Amino acid sequence: MRQNKIFSLLGIAMRGHNLVSGEVQTLEAVKKGSARLVIVAEDASHNTAKLFTDKCRYYNVPVIYFGTKESLGHAIGRELRSSVGVCDAGLADSMIGLIKEQQKEWKGTVEGEDGGKHGED
């Protein structure tokens, strides 16, 4: 149920021009400071996951490992997406809250602004 809400929020962010997608655009948003949250697909390559883990930690941006490339792309009306960057602070906070509530029910992780993992693995 919460997964659907998160995907819905991604769609809202996309329609409101508060979301970037794809590795290049997401990485650029992280470096510029416009990304408030990065979501990386759980089936993204190890290199992609490491890239965003390292960059988000360095630039102090929360990163969530959530969904699949297919589900992230579908949520925003695009093809497969390994990563998306949410650029609206309110939407980012809502998504983080929903995922933290659900962490006990699924195997996701949230890397916080302090660089540590929160919740169960």
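FYI, the numbering just counts along the sequence from 1. Only this structure's heavy atoms are used, side chains among them; waters, hydrogens and symmetry mates stay out. The model shown is predicted, which means the values in this text are computed figures rather than measured ones.
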| message | To the nearest 0.5 Å, what is the distance between OG on S83 and CD1 on I64? | response | 13.5 Å
| message | Do V86 and R36 have side chains that approach each other closer than 4.5 Å (heavy atoms only, starting at C-beta)? | response | no
| note | Scanning both residues in full, the closest heavy-atom pair of A49 with Y65 reads O-OH, 3.9 Å
| request: Could you give me the CA-CA distance, side-chain angles and deciding distance for E28 and V20, then say whether side chain to side chain contact (heavy atoms under 4.5 Å, CB included) is met? | output: CA-CA 9 Å; E28 190 174 302; V20 295; over 6 Å; no
| message | For the CD atom of E42 and the CG atom of L72, what is their distance to the nearest 0.5 Å? | response | 9.0 Å
| query | If Ile, Leu, Val, Met, Phe, Trp and Tyr residues are connected whenever their side-chain heavy atoms lie under 4.5 Å apart, and connections chain through other members, are V40 and Y59 in the same group? | reply | yes
| request: Applying salt bridge (charged side-chain N to carboxylate O under 4.0 Å, His left out), name anything that partners K31, two or more places apart in sequence or on another chain. | output: none
| note | To the nearest 0.5 Å, atom OG1 of T26 lies from atom CG of L19 at 7.5 Å
| field | Member of L80, T68, T48 meeting the side chain to side chain contact (heavy atoms under 4.5 Å, CB included) criterion with D43 | value | T68
| Inter-residue atom distance S94.OG - I99.CD1, 0.5 Å rounding | 11.0 Å
| said: In the structure I gave you, are the side-chain heavy atoms of I39 and L10 within less than 4.5 Å of one another anywhere? | reply: yes
| Flag side-chain contact, heavy atom, 4.5 Å: L9 against L98 | yes
| message | Rounded to the nearest 0.5 Å, what separates atom OG in S21 from atom CD in E79? | response | 11.0 Å
| request: Please tell me if the side chains of M14 and V84 come closer than 4.5 Å, counting only heavy atoms from C-beta onward. | output: no
| query | What are the two closest heavy atoms between G22 and R81, and how far apart are they? | reply | N-CD, 3.8 Å
